[in-house]
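Written out below as structure tokens is the structure these notes cover.
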Amino acid sequence: LLLQLTLYVGLLDFGIQTAVARFVAHADERHNPDERDGSVSTAAALLVVAAIVGFCLVALLAWQLPRIFTSMPAHLNKGARIALLLMGGSFALGLPFSVIHAMFIGLQRNEIPAAVVIANRLAMAALTVGVVFRHWGLASMGAAVALANVASYGGAYFAWRLWAPQVRIRISLVSTACAQKIGAYSLAMAAWFARMLMVSGLDLAIVAKFD
């Protein structure tokens, strides 16, 4: 349930990752590195703002967790709150790093983000299973997920520096024009993500609420 709740942070992407992949591919095909780098840098700045919003929402949810899920045993409150903060915070932190994955997809290097994601899932599973076998509790399980996430962000950063150093991500390259372009494209994607949440993303939370 806690992991499902933290995954909602990913909705704050608002389809920006998809937009970045499209605009990077378009600019790269036209051999326009300034347009490419402007799109990537602006998207990263937008997702930094989304990450801050995500941190705030996770903190609010952790604070109100026992009131939302009143059937949760009281002795789990502290561990659940810590786990939610660690996992939700790590997923929020990953929003700006998703730009690197999108950049590689736009450059038609899909195997790189795929490898990072697979390594992240394997590490997350191994760490979580290890914590479970040692009976270290919810907080430690949240820490295991957060650790795997942070390690994957480091992997994405090093992949960028190693295989795509020509792509610049700079504050100076952020522009209003790029923000408007990304926002216009992402609006439809955001609506699609919201609809998908209504269809398949709330089931576990609803069951837990009314259990």
Side-chain angles (χ1 to χ4, degrees), residues 2-29 33 36-55 58 83-131 140-171 173 182 185-186 189 192-193 196 201:
L2 294 174
L3 186 59
Q4 179 67 56
L5 293 175
T6 57
L7 291 176
Y8 296 153
V9 174
L11 295 173
L12 295 174
D13 172 81
F14 293 119
I16 292 177
Q17 186 176 357
T18 305
V20 170
R22 178 187 186 278
F23 292 127
V24 165
H26 185 252
D28 196 57
E29 189 66 25
R36 176 198 65 202
D37 298 349
S39 297
V40 174
S41 299
T42 302
L46 292 172
L47 288 174
V48 166
V49 176
I52 295 172
V53 174
F55 279 121
V58 167
L84 185 60
L85 286 171
L86 289 172
M87 291 191 297
S90 69
F91 281 114
L93 180 64
L95 287 172
F97 286 91
S98 67
V99 168
I100 298 176
H101 292 266
M103 173 193 69
F104 277 118
I105 293 172
L107 295 174
Q108 300 183 44
R109 297 294 306 275
N110 303 51
E111 71 280 1
I112 296 174
V116 172
V117 170
I118 290 172
N120 168 250
R121 297 296 185 269
L122 290 175
M124 188 183 298
L127 290 171
T128 304
V129 168
V131 169
S140 297
M141 291 173 68
V145 172
L147 180 61
N149 284 339
V150 172
S152 74
Y153 307 151
Y157 174 82
F158 285 114
W160 164 45
R161 303 309 299 165
L162 183 62
W163 288 300
Q166 74 278 12
V167 179
R168 299 170 298 159
I169 302 178
R170 303 283 188 275
I171 295 177
L173 298 175
I182 292 171
Y185 183 84
S186 300
M189 294 299 299
W192 184 80
F193 281 132
M196 287 304 297

Taking only distance into account, with no hydrogens and no angle test, what donor-acceptor pairs under 3.5 Å do side-chain atoms of residues 9-17 form with protein atoms, sequence neighbours excluded?
residue: Asp13; atom: OD1; partner: Gln17; partner atom: N; Å: 3.3
residue: Asp13; atom: OD2; partner: Gly15; partner atom: N; Å: 2.9
residue: Asp13; atom: OD2; partner: Ile16; partner atom: N; Å: 3.2

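In this structure the side chain of Val167 never reaches within 4.5 angstrom of the side chain of Val24, judged on heavy atoms. Put simply, the side chain of Val145 reaches to within 4.5 Å of the side chain of Thr128, judged on heavy atoms. Side-chain contact check for Thr42 versus Leu173: every heavy-atom pair is 4.5 Å or farther apart. Contact of the Leu3 side chain with the Met87 side chain is registered, since non-hydrogen atoms from C-beta on lie closer than 4.5 Å.
Screening residues 152-166 for side-chain hydrogen bond (donor to acceptor under 3.5 Å, both in side chains), with sequence neighbours left out, gives no hits. Applying the salt bridge (charged side-chain N to carboxylate O under 4.0 Å, His left out) test to residues at least two apart or on different chains, none of the pairs has a partner in residues 86-102. Listed by first then second residue, pairs satisfying salt bridge (charged side-chain N to carboxylate O under 4.0 Å, His left out) with a partner in residues 113-129 number zero, not counting sequence neighbours. Note on residues 89-101: pairs passing side-chain hydrogen bond (donor to acceptor under 3.5 Å, both in side chains), not counting sequence neighbours, are Ser90-Asn149. For residues 147-160, the set of pairs meeting the salt bridge (charged side-chain N to carboxylate O under 4.0 Å, His left out) definition, not counting sequence neighbours, is empty. Sequence neighbours left out, not one pair with a member in residues 42-55 passes salt bridge (charged side-chain N to carboxylate O under 4.0 Å, His left out). Residue pairs meeting the side-chain hydrogen bond (donor to acceptor under 3.5 Å, both in side chains) criterion with at least one partner in residues 102-111, sequence neighbours excluded, are Arg109-Glu111.
Distance check, rounded to the nearest 0.5 Å: CG of Leu122 to CG of Leu127 gives 11.0 Å. In this structure, OG1 on Thr18 lies 8.0 Å from CD1 on Ile105, to the nearest 0.5 angstrom. Here the straight-line distance linking atom CG of Leu46 with atom OG of Ser41 works out to 11.0 Å at 0.5 Å rounding. With rounding to the nearest 0.5 angstrom, the CG atom of Leu2 is 11.0 Å from the CG atom of Leu7. With rounding to the nearest 0.5 Å, the separation of CZ in Arg36 from NE2 in His26 is 14.0 Å. Within the model, atoms CE of Met103 and CG of Asp37 stand 9.5 Å from one another, a figure rounded to the nearest 0.5 Å.
By the side-chain contact (heavy atoms from CB on, under 4.5 Å) test, Glu29 is found to be paired with no residue, residues two or more places apart in sequence or in another chain being considered. Take Phe23 and apply the ring-ring contact (aromatic ring centres under 6.0 Å, His included) test, not counting sequence neighbours, and it matches Tyr185. Taking the side-chain contact (heavy atoms from CB on, under 4.5 Å) definition, one finds that Ala123 meets it with Ala148, sequence neighbours left out.
Residues Ala19 and Ile182 share a closest heavy-atom pair of CB-CG2, 4.2 Å. Contact record, Ala44 with Ile169: CB-CG2, 4.2 Å, taken as the closest heavy-atom pair. Closest non-hydrogen pair, Ala92 versus Gly54, comes out as CB-C, 4.2 Å. The heavy-atom pair separating Val58 from Gly89 by the smallest distance is CG1-N, 4.3 Å. Between Leu93 and Phe55, the shortest heavy-atom contact is N-CZ, 4.0 Å.
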Query raised in the report: side-chain contact (heavy atoms from CB on, under 4.5 Å) between Val40 and Val20: does it pass, once the steps are laid out?
Result: CA-CA 6 Å; Val40 174; Val20 170; 4.3 Å; yes

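Within a 6.0 Å sphere centred on CD1 of Ile171, other residues, nucleotides and ligands contribute 12 heavy atoms or fewer.
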